[in-house]
Amino acid sequence: MENIILSIRNVKVVFEDGFTALGGVSLDIGQNEFVTLLGPSGCGKTTLLRCIGGFEKPTSGEILYKGQDIIPLPPYKRNINTVFQRYALFPHLNVAQNVSFGPDLRHEDKKETAKRVGEMLELVGLKGFEKRRISSLSGGQQQRVAIARALINSPDLLLLDEPLGALDLKLRREMQLELKRIQRESGITFIFVTHDQEEALTMSDRVAVMRAGEILQLGTPVDIYNEPESAFVADFIGASNILPSTMVRDKLVHFLGVDFPCVDTGFGENAPVDVVLRPEDVKLKPENDPAEGVPFGTVESLLFKGVHYEMKVRSGNDVLLVHSTHARPVGARVKLTVAPEDIQVMRKSDFSPDVRARKGEGGVQ
Amino acid sequence: MKRKGLMVLPFALWAIIFILVPLGLIAWYGITVEEPVAYTEITLEDGTPAFRLEDGTVQTQEPWQKKAVISFQNFKRMVEPTYLRLLIRSLKIALLTTLICLILGYPVALILTGKDFKHPTLWLMLIILPMWMNFLLRTYSWMSILENSGILNSWITALRNAVPAIDQWFTARGVGNKIIFLYNENAVILGMVYNYLSFMIMPIYTVIEKIDKSLLEAAADLGASPSKSFIRVTLPYSLPGVLEGITMVFVPAVTTFVISQLMGGGKVPLIGDIIQNQFGKSSDWHFGSSLSLLVMVVVLAFMGGLQQIDKDEEPQKEVRIF
Ligand SMILES: Nc1ncnc2c1ncn2[C@@H]1O[C@H](COP(=O)(O)OP(=O)(O)O)[C@@H](O)[C@H]1O
Ligand SMILES: [Mg+2]
């Protein structure tokens, strides 16, 4: 990466009660990049943002902002702004006074500030709300005031902690596009927190998938989606078919009772692994079709989903989710084909379905 | 509905017996004076002199009866310079006490709520603890410290005897053997500040404590240094506590008579002393009640003024559209 604006190096946060919220996180963020921290609730996303903003002091590690270690700096000396998860708007001030809080602190020209406040409010879809009390706004409107209050300062780095969480779906979509546009046009670097995988994948340049205080995988949305490196990442971004498997040897993996050729190498021989199959990558044929394919099982359910059909195919205890434009009737026996490059092989982790089943755990909390 | 009425009953009774009736009595006493009843001297059939009262009853003793007559002469009496001066002095001392309590109490409350301050409740206890001691005892102990032959003077004497330079310093300023601390306005103010300070600290502490810490973080995030975020966030939010503290100190301070009698030694009479006098030595309940009414009006006006400040700060309500 050419211009690194923020470099997080092995940051650990252990709280007073002994709880390790971040267990050594490292992350480099480039100028004008849109990086998303994605992970389930409680995985440490807010804690990491608070370290960057200056509200939490890491137990160890370094945070370099434009090459300077900012850990000793109090928040007000960092040229970083935050959209807080709980908005933290000032209830004694009206909307305009909230948005102009930063410029007013810097004693900027009142007229110019008022104009910019108007622009910012228009940007977040709250035109004409200047004089409204904070308490008279809905959660979604408050969230947008919080965004305007941070953006008006044109920081080099903007931290957004689940900034769209309180919006309904339609507004959420609109604000996603709007934020993305602002980020591109303003040159502000965004660190965006969400637990919504779809939001993360559509908005970001890169996504860091977090779990229990660690970054499990960092990559572009396409990488994360197509090549999850662990069962947790695959599961969290919505993959449905995660199968305990065995790597027979390089380029040959065994699952569902059959050996499949694949493209992955370097896992060793007869190594336990997990495999992800995208529902749309699995092709079904009738069992008596003369074409090639592995005899598999019976169609258990069939749902029309608009663009495609969603089918569940069962063989013994294994259930496979398949998306296809060709419907197979319920009860039909099918065989399946999977292209070698569509098989994503992952290292075994404690989140593998078979490991979790042994431990008696549920899904993603 | 009926049940609700029943639940209110004990309180209503309580309010009538302990609030409305005494208030009514004070108001009645306040707007009346006692006058001897009018009578005519007559001679009875057997020749003994007797008196016929206004209401027609006849008695042989010289009439002693008095009757309450509605009159505003007590209110005229109050604006005489003697009493006006007392009222003004009481207000001055109460306001000064309130101001000093605010200046001392606010920082204490602020420090106690600081995020690096360990064991704030323990310290709060230490501040409140003396208040659990008897009020008179507390004031008497101040007197034994400040008396002419009190602790402070004996220390100063010891110091002057031990260090000639200090003695010279005192002598050069014309200070005699004993310094008179007690029996002046300052002593009264000291007594009041000592007794009422915790009434200022408590409400301020409570509101500052309740300020959402994330607001301070938001202010810092937007570039406010600690002093700026104090002015822009903490101060406006603590205002209700400040106003409450001011009321809690001002009201007892403007009505007290014990402190002024003990620490002032009778040399600094306040309006409370005069009122107490009317119900005691002078035994003029009517004038005492009128003065009480006056003080009540002053207190109400003061609190009304404070509430006005509070309203100005309170965000004006707006109609919610969505
Ligand atoms: N001050 C604190 N003391 C102890 N534990 C904390 C504190 N703040 C957060 N935590 C814990 O740290 C974990 C991570 O919290 P957080 O960063 O808020 O998660 P996220 O934002 O990903 O939901 C949670 O389990 C939370 O309970
Ligand atoms: Mg969070």
Side-chain angles (χ1 to χ4, degrees), chain A residues 46 49-50 52-56 73-95 97-108 126 128-141 145-146 149-153 155 157-159 161, chain B residues 106 110 113-122 203-204 206-244 306-322:
Chain A
T46 297
L49 278 200
R50 288 175 61 79
I52 302 169
F55 306 107
E56 204 74 66
L73 289 186
Y76 64 94
K77 288 193 179 153
R78 307 182 181 195
N79 189 15
I80 297 173
N81 285 116
T82 308
V83 178
F84 292 91
Q85 189 166 10
R86 311 234 70 84
Y87 332 140
L89 297 174
F90 304 111
H92 66 299
L93 303 178
N94 65 25
V95 168
Q97 290 165 330
N98 263 281
V99 177
S100 68
F101 197 90
D104 286 349
L105 275 174
R106 296 187 292 274
H107 302 291
E108 284 174 18
L126 292 177
F129 276 58
E130 278 90 344
K131 292 280 172 297
R132 294 278 294 270
R133 310 296 330 168
I134 296 304
S135 55
S136 74
L137 303 181
S138 71
Q141 291 168 337
V145 175
R149 184 180 69 173
L151 270 179
I152 197 171
N153 303 293
L157 177 58
L158 185 64
L159 312 176
D161 198 347
Chain B
Y106 198 103
L110 196 63
T113 51
K115 84 171 178 312
D116 299 322
F117 196 86
K118 301 270 179 281
H119 313 300
T121 33
L122 181 77
I204 298 179
T206 313
V207 287
I208 297 186
E209 167 83 297
K210 272 200 296 225
I211 294 177
D212 190 351
K213 296 293 170 287
S214 65
L215 296 183
L216 298 173
E217 290 188 348
D221 186 80
L222 294 165
S225 62
S227 60
K228 279 194 175 164
S229 93
F230 171 76
I231 291 169
R232 286 177 181 257
V233 180
T234 311
L235 205 55
Y237 279 102
S238 61
L239 199 69
V242 170
L243 295 180
E244 195 183 332
L306 283 186
Q307 230 150 44
Q308 218 46 54
I309 300 179
D310 207 11
K311 259 209 210 85
D312 290 348
E313 284 300 313
E314 193 93 350
Q316 55 274 37
K317 295 268 178 291
E318 270 181 59
V319 191
R320 213 180 138 153
I321 300 170
F322 302 110

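Chain naming here is simple, since letters A, B, ... match the order of the sequence lines and numbering starts at 1 in each. Note: hydrogens, waters and symmetry copies are ignored here, and every other heavy atom, side chains too, is used.
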Undergrad: What part of A/Phe90 lies closer than 4.5 angstrom to a heavy atom of chain B: side chain, backbone, both or neither?
TA: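 A/Phe90 touches chain B through backbone and side-chain heavy atoms alike.
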Undergrad: Please state whether the side chain, the backbone, both or neither of A/Asn79 comes within less than 4.5 Å of a heavy atom of chain B.
TA: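 Looking at A/Asn79, nothing touches chain B.
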Undergrad: Please classify the contact of A/Ile152 with chain B as side chain, backbone, both or neither, using a heavy-atom distance under 4.5 Å.
TA: neither
Undergrad: Which atoms of B/Asp221 come close to chain A, meaning under 4.5 Å heavy atom to heavy atom: side chain ones, backbone ones, both, or neither?
TA: both
Undergrad: Quick one: do A/Arg86 and B/Asp212 satisfy side chain to side chain contact (heavy atoms under 4.5 Å, CB included)? Show the steps, please.
TA: CA-CA 11 Å; A/Arg86 311 234 70 84; B/Asp212 190 351; over 6 Å; no
Undergrad: In terms of heavy-atom contacts, does NZ of B/Lys213 have more than 12 from other residues, nucleotides or ligands at under 6.0 Å?
TA: yes
Undergrad: Could I get the full list of side-chain contact (heavy atoms from CB on, under 4.5 Å) partners for B/Val207, not counting sequence neighbours?
TA: B/Ser238
Undergrad: Taking only residues two or more places apart in sequence, or in another chain, which ones meet A/Tyr76 in a ring pair (Phe, Tyr, Trp, His ring centres under 6.0 Å)?
TA: none
Undergrad: Taking the side chain as every heavy atom from C-beta outward, state whether A/Leu93 and B/Pro236 have any pair of such atoms under 4.5 Å apart.
TA: no
Undergrad: May I ask you to decide if B/Val233's main-chain N or O and A/His92's side chain share a donor-acceptor pair within less than 3.5 Å?
TA: no
Undergrad: For A/Leu105 versus B/Leu222, what's the shortest heavy-atom pair and its separation?
TA: CD1-O, 3.6 Å
Undergrad: Tell me, for A/Arg149 versus chain B, whether the close heavy atoms (under 4.5 Å) come from the side chain, the backbone, both or neither.
TA: both
Undergrad: Tell me, for A/Arg78 versus chain B, whether the close heavy atoms (under 4.5 Å) come from the side chain, the backbone, both or neither.
TA: neither
Undergrad: Compare every heavy atom of A/Ala88 with every heavy atom of B/Ser214, then report the nearest pair and how far apart it is.
TA: O-CB, 3.6 Å
Undergrad: So which of A/Thr82, A/Asn153, A/Ile80 has the biggest tally of heavy-atom pairs under 4.5 Å with chain B?
TA: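 Looking at each of A/Thr82, A/Asn153, A/Ile80 in turn, A/Thr82 comes out on top.
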